[in-house]
Amino acid sequence: MKLRSVLPAVAALALLAACAPTQSGPAASGGNQTDGTLRVWLFDEANRAPKEAAVKEAITEFEANHAGVKVDVQWVPVEGRADKFSGAFNDPSNAPDVAEFGNTDVSSYAQTGALSDLTKDISNWSDGKDLLPSVVDTAKANGKIYGIPWYTGIRALYYRTDVFAELGLKPPATLAELTEDARKIREKKPDLYGIATGGKYTYAMLPFIWANGGDLAKQDNGNWTSTVDSPQAKAGVTAYANLIKDDICPPAACANLTGTQSVTAFAGGKAGMVIGGDFNRKAVEKGAVKGKYAIMPLPGTTPGSVAPAFAGGNLLGVFGASQRHGLAVQFAELLAGIKYQEKMYAAMGNLPTLSSVQKKLAASDPTLKAFVDTLSAGTKFVPSTPAWSKIDSQNVLPTAVQQIATGGKDANAALADAAAAMNKNFG
C-alpha cells in the first residue's frame with residue numbers, strides 16, 4: 001500500500017497490514033442495478049485536494065455517461081480504517097460498492113469472502129492487457145484477482161551528486177560497491193551518514209534478500225514455510241545490517257530508523273544516499289538536497305543487475321454485497337484507466353500501473369526513469385497469506401535486523417528466531 005504526504009508507503013503498509021478484519025458471517029450476494037447511488041471509499045490524505053480534484057473530475061465524467069447514477073465518495077481516515085473495513089466485512093449492508101485498499105492486505109481481505117473476484121472483469125477490460133504482470137500478481141489471492149491495481153510504489157537509490165563528485169565516487173554498480181561508497185562518504189564526511197537506512201526499514205532490506213537469491217518463505221501444497229534462515233537470505237540480511245554500523249550509519253542513531261525517517265535524513269542533507277520511493281520525490285525536492293541528487297535503480301549483486309524491489313501499491317476493489325456490481329467495476333476501471341492514471345500522477349505523483357502510461361511519463365520526467373526501469377527489471381512481493389499481516393505487525397524482521405546490527409545476536413541466531421516466529425504465524 002502507498003499513502004501520500006504525511007504517511008509514505010512503508011509506514012502505511014505497516015499500519016494497514018496490522019489489521020486483518022474477519023467476517024462473522026457469509027458475504028451477502030449483490031446485484032446489478034444500473035441507477036442509484038454508487039458508494040465509494042477512498043483513503044484520505046494530509047494533502048487531499050489534488051487527489052480529490054482528480055476524483056471529482058472522474059465522477060463528473062462517470063455521472064454524465066450514466067443517467068440516474070450518483071457517485072458518493074467517502075474519505076476514510078487512515079487511523080480509522082481498521083474499524084471501517086471490519087464493519088463492512090461483518091455487515092454487508094454497511095459495505096461500499098468500491099473501496100481503495102493496500103495490496104499487502106489482499107489475502108486477509110479476500111479471506112473474509114466480502115470482495116468480488118475481478119479476474120474476468122480485468123480480462124475483459126480494454127486497459128487490462130497493459131497492466132504489468134508483476135503488479136497484477138500483487139492483487140491476487142489463491143490465483144484470483146481481488147482488486148484493480150490503481151498505482152504502485154517502487155523504491156530506488158537516491159544519491160548526492162555533489163558529494164559523489166567531490167569525493168570522486170561513481171554511482172555504485174553493485175550492492176557491495178554501495179557499501180564501499182557509503183563507508184567512504186562517512187569517512188570523508190563524518191557529519192553525514194554514508195547511507196540513511198534503519199533497522200525498521202523493512203522495504204529497504206527486502207531487495208538485499210532477493211538480490212542474493214533468497215526469499216521470505218516458500219509455499220508447498222498451500223502451506224508456507226519461512227526461508228529467512230537460508231544461506232541466501234542470511235547473506236542479504238547481513239549485507240543490509242552491515243549498513244547500520246558506526247562507519248556508515250551508526251546503530252545508536254540508525255537502528256530504529258523507519259523508512260520515513262531515513263528519507264527525511266537524506267532530504268535534510270544528512271546522508272549521502274537513501275533507498276526511497278517514487279512517492280518520496282516531492283518531499284526530497286522540498287529539502288536541502290534539491291538540485292543536488294540523482295536517482296538510479298538499486299543495483300544487484302553483479303554489475304548491470306537491478307535488485308528486485310518490493311511492489312507496493314493500492315488497489316480498487318469491489319464488494320460482493322454491492323447491488324451495482326457492473327457500475328462499481330466500470331467506475332473502478334475509469335479511475336484506474338489511462339486518462340486518470342495520468343491525472344493522478346500529475347496530482348499526487350502516483351506511479352501508474354499501466355506500462356504505456358509509465359513509458360509516456362518517463363519520457364517527459366527523467367526522475368521517473370529509475371523507478372520504471374526497476375519495475376521492468378522485475379519486482380517481488382511478500383507471501384500472499386493472511387499470516388503476513390501478523391508477521392509484519394509483530395516486527396519479526398526488523399527485530400532480526402536490529403539484533404544483527406547492534407551485535408545483540410549473530411545472524412544465525414537472529415534469523416533462526418525470525419524463521420520460528422514466521423512459521424508459528426504460518427501455522
Side-chain angles (χ1 to χ4, degrees), residues 154-199 201-214 231-251 253-254 257 259 262-263 265-267 269-278 280 284 289 292-310 366-367 369-380 401 404-405 411:
I154 296 295
R155 291 169 181 79
L157 182 67
Y158 289 68
Y159 66 96
R160 289 278 297 275
T161 51
D162 58 336
V163 172
F164 270 66
E166 180 183 342
L167 300 183
L169 301 176
K170 295 181 180 180
T174 64
L175 289 176
E177 287 185 15
L178 181 153
T179 303
E180 293 173 7
D181 288 345
R183 192 170 287 120
K184 290 176 182 176
I185 292 170
R186 179 71 174 173
E187 178 186 358
K188 300 296 183 181
K189 290 183 169 293
D191 57 322
L192 298 180
Y193 301 144
I195 181 171
T197 198
Y201 195 179
T202 301
Y203 297 101
M205 181 272 292
L206 293 182
F208 284 73
I209 291 179
W210 294 324
N212 278 276
Q232 297 86 352
K234 193 178 301 178
V237 175
T238 301
Y240 179 78
N242 283 339
L243 298 177
I244 310 173
K245 298 295 182 181
D246 286 331
D247 59 353
I248 295 180
C249 198
C254 302
L257 284 185
S262 298
V263 173
F266 178 82
K270 298 179 181 179
M273 294 180 281
V274 74
I275 297 170
D278 55 283
N280 292 132
V284 173
V289 299
K292 302 176 184 177
Y293 73 95
I295 311 172
M296 61 175 283
L298 182 68
T301 56
T302 58
S305 65
V306 175
F310 167 72
T367 61
K369 186 178 186 301
F371 303 106
V372 173
D373 288 349
T374 299
L375 264 175
S376 300
T379 57
K380 296 281 190 176
V401 171
I404 298 169

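The figures here come from the full heavy-atom set of this structure, side chains too, leaving out hydrogens, waters and symmetry mates.
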Excluding sequence neighbours, so at least two apart, what forms side chain to side chain contact (heavy atoms under 4.5 Å, CB included) with [X]?
X    : result
A235 : N212
A239 : F208
V289 : R160, F266, V284, Y293

Please round to the nearest 0.5 Å and tell me the distance separating atom [atom1] of [X] and atom [atom2] of [Y].
X    : Y    : atom1 : atom2 : value
N242 : I248 : CG    : CD1   : 7.5 Å
C249 : K270 : SG    : NZ    : 11.5 Å
T374 : M296 : OG1   : CE    : 9.0 Å

Exercise. Side-chain contact, heavy-atom cut-off 4.5 Å: D278 with T367?
Worked result: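 Answer no - side chains too far apart.
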Exercise. Can you check whether K184 reaches F164 side chain to side chain, under 4.5 Å on heavy atoms?
Worked result: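 In short, these two side chains do not touch, never coming nearer than 4.5 Å.
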Of all heavy-atom pairs between [X] and [Y], which one has the smallest distance, and what is that distance?
X    : Y    : result
P172 : P299 : O-CG, 3.7 Å
A411 : K234 : CB-CG, 4.0 Å
A211 : A307 : CB-CB, 3.9 Å
I185 : G272 : CD1-CA, 4.1 Å
P207 : L298 : CB-CD2, 3.7 Å
L167 : K188 : CD2-CB, 3.7 Å

Applying side chain to side chain donor-acceptor pair (under 3.5 Å), can you list everything that pairs with [X], at least two apart in sequence or on another chain?
X    : value
K380 : none
T301 : none
S376 : none

For [X], which residues count as a salt bridge (charged side-chain N to carboxylate O under 4.0 Å, His left out) partner, sequence neighbours excluded?
X    : answer
R186 : none
K369 : D373
D246 : none
K189 : E166

For this session: I would like to know whether L157 and I295 meet side chain to side chain contact (heavy atoms under 4.5 Å, CB included); could you show each step before the answer?
Result: CA-CA 6 Å; L157 182 67; I295 311 172; over 6 Å; no
Exercise. Quick one: does T379's side chain have a donor or acceptor within less than 3.5 Å of a partner on L375's backbone?
Worked result: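 Judged by distance alone, no pair lies under 3.5 Å.
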Exercise. For the side chain of N280 and the backbone of G276, is there at least one donor-acceptor N/O pair under 3.5 Å apart?
Worked result: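 Not a single qualifying donor-acceptor pair exists.
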For this session: Would you mind telling me which of L243, T197, V401 makes a side-chain contact (heavy atoms from CB on, under 4.5 Å) with M205?
Result: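 Of the listed options, the one satisfying the test is V401.
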Exercise. Do R155 and F310 pass the side chain to side chain contact (heavy atoms under 4.5 Å, CB included) test, and can you show the C-alpha distance, the side-chain angles, and the key distance before you say yes or no?
Worked result: CA-CA 7 Å; R155 291 169 181 79; F310 167 72; 4.0 Å; yes
Exercise. With sequence neighbours left out, which residue pairs that include part of residues 169-180 fulfil the side chain to side chain donor-acceptor pair (under 3.5 Å) condition?
Worked result: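 Passing the test, one end in residues 169-180: no pairs.
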For this session: List for me each residue that meets ring-ring contact (aromatic ring centres under 6.0 Å, His included) alongside F371, sequence neighbours excluded, and say none if there are none.
Result: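 For F371, no residue satisfies ring-ring contact (aromatic ring centres under 6.0 Å, His included) once neighbours in sequence are set aside.
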For this session: Applying side chain to side chain donor-acceptor pair (under 3.5 Å), run through Y193 and S262 and close with a yes or a no.
Result: CA-CA 10 Å; Y193 301 144; S262 298; over 6 Å; no
